[in-house]
Amino acid sequence: MPDEQMAAAGSAPVPPGTAPGAPAVPPVAPRPLDPIDRSIMRLLQADGRASIRSVAEQVHVSRANAYARINRLIDDGVIRGFTARVNHERAGQGASAYITLKIVQNSWRTVREQLRELPGAAHIALVSGDFDVLLLVHTPDNRTLRELVLTRLQAIPEVLSTRTLLVFEETDLLDPGAGPAAGPAITED
């Protein structure tokens, strides 16, 4: 990791010996985080390209300490990677929706793999409650969204029903320019 720039493209590394799509590794006990670790994570969530110097100054530790803490957070799997936050409207993806799905019992893994292949799929979660899966999608327009739901999603045999919730407006709570709702301030705790 360069001293001044923390940008790292892509997602989390796959643990050694694990093939993509292989069963998940048993969960590891959570790593206890102190207030400085939490502050570092909030800073990097707001700006994954922040320099080590900037992070160190804002959390009031040495550059070497900040560097070691960030590497430890990465090595322990607390930080899974760095990514860009995208303004979907400006990127030509002006229609967003959360789609709830009821699926055949015990079909989660099969359905999840098919949902990953959907154009515009941004987030997939297995949830409890009145439906089984929550899917966030971004599409160029409502016509494309309609086709995605009626043609692609409802054609998956394990999908019993869907409900589409259009997103009219959203606020990124990690966006420093979002005002008071932008998330907690960095403090010394």
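Under the side-chain contact (heavy atoms from CB on, under 4.5 Å) criterion, Ser161 pairs with Lys102, sequence neighbours left out. Here Ser107 pairs with nothing under the side chain to side chain donor-acceptor pair (under 3.5 Å) rule; sequence neighbours left out. A search for side-chain contact (heavy atoms from CB on, under 4.5 Å) contacts involving Asp34 returns Ile36, Asp37, Arg69, not counting sequence neighbours. Partners of Asp75 according to the salt bridge (charged side-chain N to carboxylate O under 4.0 Å, His left out) rule, which considers only residues two or more places apart in sequence or in another chain, do not exist here. Partners of Asp132 under the salt bridge (charged side-chain N to carboxylate O under 4.0 Å, His left out) rule, at least two apart in sequence or in another chain, do not exist in this structure. Partners of Asp130 under the salt bridge (charged side-chain N to carboxylate O under 4.0 Å, His left out) rule, at least two apart in sequence or in another chain, do not exist in this structure.
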Go through Asn142 and Leu166 one step at a time and tell me if the side chain to side chain contact (heavy atoms under 4.5 Å, CB included) criterion holds. CA-CA 9 Å; Asn142 283 342; Leu166 292 176; 4.2 Å; yes
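Remark: the backbone N or O of Ile124 is not paired with any side-chain donor or acceptor of Arg112 at under 3.5 angstrom. Using modelled atom types, one side-chain atom of Arg85 and one backbone atom of Gln45 make a donor-acceptor pair closer than 3.5 Å.
Summarising the hydrophobic clusters (Ile, Leu, Val, Met, Phe, Trp, Tyr; side-chain heavy atoms under 4.5 Å, direct or chained), the residues clustered with Leu160 are Val104.
Each of Leu145 and Leu134 belongs to its own hydrophobic cluster when Ile, Leu, Val, Met, Phe, Trp and Tyr are linked at side-chain heavy-atom distances under 4.5 angstrom. Under the 4.5 Å side-chain heavy-atom criterion for grouping Ile, Leu, Val, Met, Phe, Trp and Tyr, Leu135 is not connected to Val127 through any hydrophobic cluster. Cluster membership for Leu165 and Leu136, using ILVMFWY side-chain heavy atoms within less than 4.5 angstrom, is shared. Connection of Tyr98 to Leu115 is not established within any shared hydrophobic cluster, with ILVMFWY side chains joined at heavy-atom distances below 4.5 Å, either directly or through further cluster members.
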Side-chain donor-acceptor distances from residues 147-156 under 3.5 Å, at least two apart:
from: Glu147; atom 1: OE1; to: Thr151; atom 2: OG1; distance (Å): 2.9
from: Thr151; atom 1: OG1; to: Glu147; atom 2: O; distance (Å): 3.3
from: Gln154; atom 1: NE2; to: Thr162; atom 2: OG1; distance (Å): 2.9

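Ile52 and Arg63 make their closest contact through CG2-O, 3.6 Å (heavy atoms, listed as atom of the first residue, atom of the second, distance). Across Gly77 and Arg80, no two heavy atoms sit closer than the pair O-CG, 3.8 Å. Smallest separation of non-hydrogen atoms from Val137 and Ala121: CG1-CA, 4.0 Å. Between Ala66 and Ala56 the shortest heavy-atom distance is CB-CB, 3.8 Å.
Rounding to the nearest 0.5 Å places CG of Leu126 at 9.0 Å from CZ of Arg109. Once rounded to the nearest 0.5 Å, the distance linking CZ of Arg38 with CG of Leu43 reads 13.5 Å. Separating the CG atom in Leu33 from the CD1 atom in Ile40 is a distance of 10.0 Å, to the nearest 0.5 Å. Taking CD of Glu170 as the reference point, atom CD of Glu89 lies at 8.0 Å (rounded to 0.5 Å). The CD1 atom of Ile103 sits 9.0 Å away from atom CG of Asn106, with the distance rounded to the nearest 0.5 Å.
Sorted by first and then second residue, the ring pair (Phe, Tyr, Trp, His ring centres under 6.0 Å) pairs with a member in residues 131-157 read His88-His138; sequence neighbours excluded. Counting only residues at least two apart or on different chains, no ring pair (Phe, Tyr, Trp, His ring centres under 6.0 Å) pair has a member in residues 100-120.
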